[in-house]
2 protein chains.
Amino acid sequence: MEETIFAKTQTTFRTSCDQCGLSSVCLPIAVDPEDLYRLETAVNRGQKFNRGELVFKQRDRFKSCFVVQGGAVKTFIVTEDGEKQVTGFYLPGEMVALDSINTDYYSCSAEALERSSLCEIPLDRFAEHTLRIPGLQHHFFQLMSQEIQKSQRMTVLLNRKTADERLATFLLSLSKRFGRRHMSATQFRLPMTRNDIANHLGLAVETVSRVLTRLQKQKLVQFQGRYCTLTDVNGLTNIAHAVNSPYECRG
Amino acid sequence: MEETIFAKTQTTFRTSCDQCGLSSVCLPIAVDPEDLYRLETAVNRGQKFNRGELVFKQRDRFKSCFVVQGGAVKTFIVTEDGEKQVTGFYLPGEMVALDSINTDYYSCSAEALERSSLCEIPLDRFAEHTLRIPGLQHHFFQLMSQEIQKSQRMTVLLNRKTADERLATFLLSLSKRFGRRHMSATQFRLPMTRNDIANHLGLAVETVSRVLTRLQKQKLVQFQGRYCTLTDVNGLTNIAHAVNSPYECRG
DNA sequence: AGTCTAGATTGACCTGTGTCATTCGAGGCG
DNA sequence: CGCCTCGAATGACACAGGTCAATCTAGACT
């Protein structure tokens, strides 16, 4: 039933939280069986979204965070001046909307990149939950800290890295994250378009294309359309963590 | 006693929290008088740091957040590959180290940009505090959400804006933040070097210099060394929110 | 199968911003 | 007071990556 080498995006979703396989994200919320039961009744599991559908919309009233079960999601903000900026990609096991917790409105929109399944975790009455479930608060603080740190690493990426370094970093990040969920870390399908990647990394689409073909020529990766095989993780790592600053070294 | 037009950095610090003038940051933590008393005993007020001194250091055990009372602080991270990246500047009334809450270690270092005074808010036993003070958790979640959103705006800035737009945005941000604290929003001293600005905005120092003189020639700002006078806020706003993307429009 | 469209690739060219090198100015100190 | 150092400003030049334009590819639909 499992698909071949490439990470499958639409799997059969389990009906109980403790079998979901994403326990490291949600289950710390529920430490004892009673909590687990409450969690299961509170959480709205396995909502499906088609490619292009919005999971939530910037400026809508904040209601829930979402955990990706299958598929993939991108978040983006639209700035005052109408610029669209992809702020993140979310893969199975990752939680979306942490940036909006305890604010009144969603601070970004989230859109399914392919047919996806998400768990909705209602957090509008967050305070009550935390009183009931002791570990919950700590867990969410941790998730939010990570989100800040992720965003700061992004800042470094954009500030200090060349196009090649950005893309190597990006591919390795996907690899690591797929790997964490027991999917292949070296062979996967990119759920997003080159355009999304370019936007996210602050590059032109053309540059993304050029760099990817260049990395391919260097035998570091191989592409067949969206399908991606990392053939030399070390090589990529070397590029990603280039010892020096963007402009004074290359090669 | 008040200094002239320029925001004073070393003021006489009050001894009680409710007179501190930063109430919007700290006092939501303490909603009733008893809480206030607890807060005053818990918080370590008015610690002084000289220019260049570290308030806390990346990878040190996380202990406290800090609120800037007077002066200014920069935070920076050092990446695996030895790059230094200034992640933020913190002015009076702003809280530092939110990105480290509920993590084991500080995720960045904080350094005083001039002689500064900070309030230390011990949060290592954060969970107990939140049980005792109901509003505390909500308040901190809010602060952290803001921090994430700030970081995301930074991403947009770095991704989509030219050097001119970045600097206009930067100056306006300082202006707004000084203004919030009842300091002049149009005349202030930059507490950081051009180098810090350049690093933070992902530019070369030379570019910062050139752009600042350019903005000066356009009569939008005026500089005397670190002293800065915004002479045309609207003009700056126009540049900061340039209607189109960096490269297809200029002027 | 044939058509359509959105996404991806590739080449030619251009420009914003980085690098290098030099000069200038101001604050700290013997 | 002059020396020293660090930060800032400015000019000459180089190049990474953007723009424009054309072509190719692969699903989606009739």
Side-chain angles (χ1 to χ4, degrees), chain A residues 9 50-52 74 83 86 111 113-115 157-168 170 189-217 221-228 239 242 244-251, chain B residues 50-52 74 83 86 113-115 157-168 170 189-217 221-228 239 242 244-251:
Chain A
T9 56
N50 285 320
R51 178 185 146 86
K74 74 174 173 191
E83 293 287 339
V86 174
E111 183 187 317
L113 291 168
E114 53 193 10
R115 184 155 173 82
L157 182 80
L158 296 172
N159 255 346
R160 315 235 85 81
K161 302 212 175 193
T162 61
D164 292 61
E165 289 163 13
R166 293 183 202 189
L167 275 156
F170 178 71
R189 202 185 94 94
L190 298 177
M192 69 294 283
T193 66
R194 303 283 195 268
N195 240 306
D196 286 333
I197 298 175
N199 181 305
H200 183 56
L201 297 179
L203 300 167
V205 208
E206 294 92 330
T207 305
V208 171
S209 260
R210 275 189 265 265
V211 171
L212 290 185
T213 53
R214 198 183 308 155
L215 295 178
Q216 203 164 205
K217 277 177 192 154
V221 278
Q222 199 165 355
F223 287 95
Q224 303 139 58
R226 297 242 185 128
Y227 290 94
C228 170
I239 293 186
N244 272 311
S245 90
Y247 301 94
E248 61 203 7
C249 101
R250 80 209 83 94
Chain B
N50 285 320
R51 177 183 146 88
K74 75 173 171 189
E83 293 286 338
V86 175
L113 291 168
E114 55 193 12
R115 185 156 172 80
L157 183 80
L158 296 172
N159 255 345
R160 315 235 84 81
K161 302 212 177 195
T162 62
D164 291 63
E165 289 163 12
R166 294 184 202 190
L167 275 155
F170 178 70
R189 201 185 97 93
L190 298 177
M192 70 293 284
T193 66
R194 304 280 194 269
N195 241 308
D196 287 334
I197 299 175
N199 182 304
H200 182 57
L201 297 179
L203 299 168
V205 210
E206 295 91 333
T207 305
V208 171
S209 263
R210 276 189 265 265
V211 170
L212 290 184
T213 53
R214 198 183 309 154
L215 294 178
Q216 202 164 205
K217 277 178 191 153
V221 279
Q222 201 166 353
F223 286 95
Q224 301 140 58
R226 297 247 184 124
Y227 290 94
C228 169
I239 293 186
N244 271 312
S245 90
Y247 302 97
E248 60 203 4
C249 98
R250 80 208 84 92

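Every chain is numbered from 1 and lettered A, B, ... according to where its sequence line falls, protein lines coming before strand lines.
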Task: Gap between atoms CG and P, on A:Asp164 and D:dG17 respectively (whole Å) - done: 7 Å
Open item on the list: Measuring only between side-chain heavy atoms, which start at C-beta, is A:Glu114 closer than 4.5 Å to A:Arg189?
Closed with: yes
Task: Side chain of A:Thr207 - closest among D:dC20, D:dG18, C:dC20 - done: D:dG18
Task: Phosphate OP1/OP2 of C:dT9: any A:Thr213 side-chain N/O under 4.0 Å - done: no
- [ ] Kindly give the heavy-atom pair with the smallest separation between A:Arg51 and A:Leu113, and that separation in Å.
- [x] CG-O, 3.4 Å
Open item on the list: Please report the distance, rounded to the nearest Å, between CZ in B:Arg189 and C1' in D:dG7.
Closed with: 12 Å
Open item on the list: If you compare every side-chain N and O of B:Arg226 against the phosphate oxygens of C:dA26 (OP1, OP2), does one of them come in below 4.0 Å?
Closed with: no
- [ ] Grab the CZ-C1' distance between A:Arg160 and D:dA16 for me, whole Å please.
- [x] 16 Å
Task: Whole-Å distance separating the CZ atom of B:Phe223 from the P atom of D:dG7 - done: 18 Å
Task: Considering all heavy atoms, the nearest A:Arg226-A:Pro191 contact - done: NH1-O, 3.4 Å
Open item on the list: Donor-acceptor pair, distance only, cut-off 3.5 Å: does the side chain of B:Arg194 make one with the backbone of B:Val205?
Closed with: no
TODO: Find the distance B:Leu201:CG to C:dG16:C1' and express it as a whole number of Å.
DONE: 16 Å
Open item on the list: Please compare B:Arg210 and B:Thr193 by the position of their nearest nucleotide in DNA chain D and report the one closer to 5'.
Closed with: B:Thr193
Open item on the list: In this structure, how many angstroms lie between the P atom of C:dA8 and the CZ atom of A:Arg194, rounded?
Closed with: 5 Å
Task: Sugar-phosphate, base or nothing in reach of A:Arg214, heavy atoms under 4.0 Å - done: nothing
TODO: Mind listing the closest non-hydrogen atom pair of B:Leu201 and B:Leu158 along with its distance?
DONE: O-CD2, 3.3 Å
Open item on the list: Assuming nearest nucleotide by heavy-atom distance, tell me which of A:Ala163 and B:Arg51 is located more 5' along DNA chain D.
Closed with: B:Arg51
Task: Residue-phosphate contact under 4.0 Å: B:Thr162 side-chain N/O, C:dG16 OP1/OP2 - done: no
TODO: Mind checking B:Ser209 for me? I need base, sugar-phosphate or nothing, with any heavy atom below 4.0 Å counting as a touch.
DONE: base
- [ ] In whole angstrom, give the distance that lies between atom CG of A:Leu215 and atom P of C:dT9.
- [x] 12 Å
Open item on the list: In this structure, how many angstroms lie between the C1' atom of D:dT5 and the CG atom of B:Asn195, rounded?
Closed with: 14 Å
Open item on the list: Counting the atoms with a prime plus P, OP1 and OP2 as sugar-phosphate, which does B:Leu212 contact under 4.0 Å by heavy atoms, base, sugar-phosphate, or nothing?
Closed with: nothing
